[in-house]
Engineer: 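Input: one structure, supplied below.
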Amino acid sequence: MAELEGNDAFIDTNKLIFGIGQVQQITGVSGRQLRYWEEQGYIQSISQKKGAAREYSMHTLFFIFHVTRFLRSGFTLQAAVDRAKKFDRQLPVLREFLRSQLKGVDFDKDQSVLDFGYVDSSHTQRIYGVVKDGETFFRIENVD
DNA sequence: TTTCTGACA
DNA sequence: TGTCAGAA
C-alpha cells in the first residue's frame with residue numbers, strides 16, 4: 001500500500017485571481033449577473049472599489065460555479081446561494097476527515113480501494129472504501 | 001479591448 | 001437579465 005504524500009500546497013490558492021471576463025468564460029455566468037449578484041450581497045469580489053475592474057478569488061469562483069449548478073437544478077437564486085454556502089461549510093470538514101483518515105489508495109484491475117485505517121483502537125479490523133463498476137461501498141476486514 | 005456604472009425594455 | 005451608451 002503506497003503512502004499518501006503530505007498535503008503541503010505548492011500553490012497559494014489565495015493568490016489565484018480571476019477577472020470578470022474569466023469568470024464568465026469558466027462559469028457561463030454573465031457579467032451582468034455577476035454584478036447583480038454582488039449588488040445583492042450573494043457574492044463578493046476582492047476590494048471592489050469605484051470603477052475598478054472586479055477580481056474574484058478562486059474560492060468565489062467555486063462558489064459561483066456551485067450556485068449555477070443549483071440554479072440549473074431549479075432553485076431560486078436565493079436558495080441556490082444558501083445551498084452553495086452550506087456546501088462550502090462541508091468542504092473543510094470533508095478535507096480534514098480525508099486528510100487524517102485516508103491512509104492510501106490502491107488501484108486494482110477492476111476496482112480502486114481506499115484504505116481508511118483501523119476501525120478502532122483495538123486494531124483488529126481495518127475498513128476500506130471500494131469503488132467498483134460505478135458503485136461504492138465499504139468493506140471491513142479482520143487484521144491478522 | 002475589456003470593464004464599469006447607470007438606464008431602459 | 002440582456003443590451004446599449006459613454007467613460008476609464
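All chains are named by letter (A, B, ...) in the order of the sequence lines, taking the proteins before the strands, and each is independently numbered beginning at 1. The figures here come from the full heavy-atom set of this structure, side chains too, leaving out hydrogens, waters and symmetry mates.
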Engineer: Take the protein atom CZ of A/R35 and the nucleotide atom P of B/dT2, then report the distance between them rounded to whole Å.
Structural biologist: 13 Å
Engineer: Round to a whole Å and report the spacing from CD of A/Q24 to P of B/dT2.
Structural biologist: 11 Å
Engineer: Tell me, yes or no, whether the heavy-atom count around A/F138 atom CZ, taken from other residues, nucleotides or ligands under 6.0 Å, exceeds 12.
Structural biologist: no
Engineer: Between A/R32 and C/dT3, is there a side-chain N or O to OP1/OP2 distance below 4.0 Å?
Structural biologist: no
Engineer: Return the value, rounded to whole Å, for the distance between atom CD of A/Q33 and atom P of C/dT1.
Structural biologist: 4 Å
Engineer: Whole Å only: how far is the CG atom of A/L34 from the P atom of C/dG2?
Structural biologist: 10 Å
Engineer: To the nearest angstrom, how far is A/Y36 atom OH from B/dA7 atom P?
Structural biologist: 16 Å
Engineer: From CD1 of A/I20 over to P of C/dA8, roughly how many Å is that when rounded to an integer?
Structural biologist: 19 Å
Engineer: Could you tell me whether the side chain of A/D88 reaches within less than 4.5 Å of the side chain of A/H59, counting heavy atoms only?
Structural biologist: yes
Engineer: Is the CZ atom of A/R126 crowded by more than 12 outside heavy atoms at less than 6.0 Å?
Structural biologist: yes
Engineer: Are the side chains of A/Y56 and A/I17 in touch, meaning some heavy atoms are under 4.5 Å apart?
Structural biologist: no
Engineer: Check the distance between B/dT3's P and A/E38's CD and give it to me in whole angstrom.
Structural biologist: 14 Å
Engineer: In whole Å, what is the span from the CD atom of A/E39 to the C1' atom of C/dT1?
Structural biologist: 12 Å
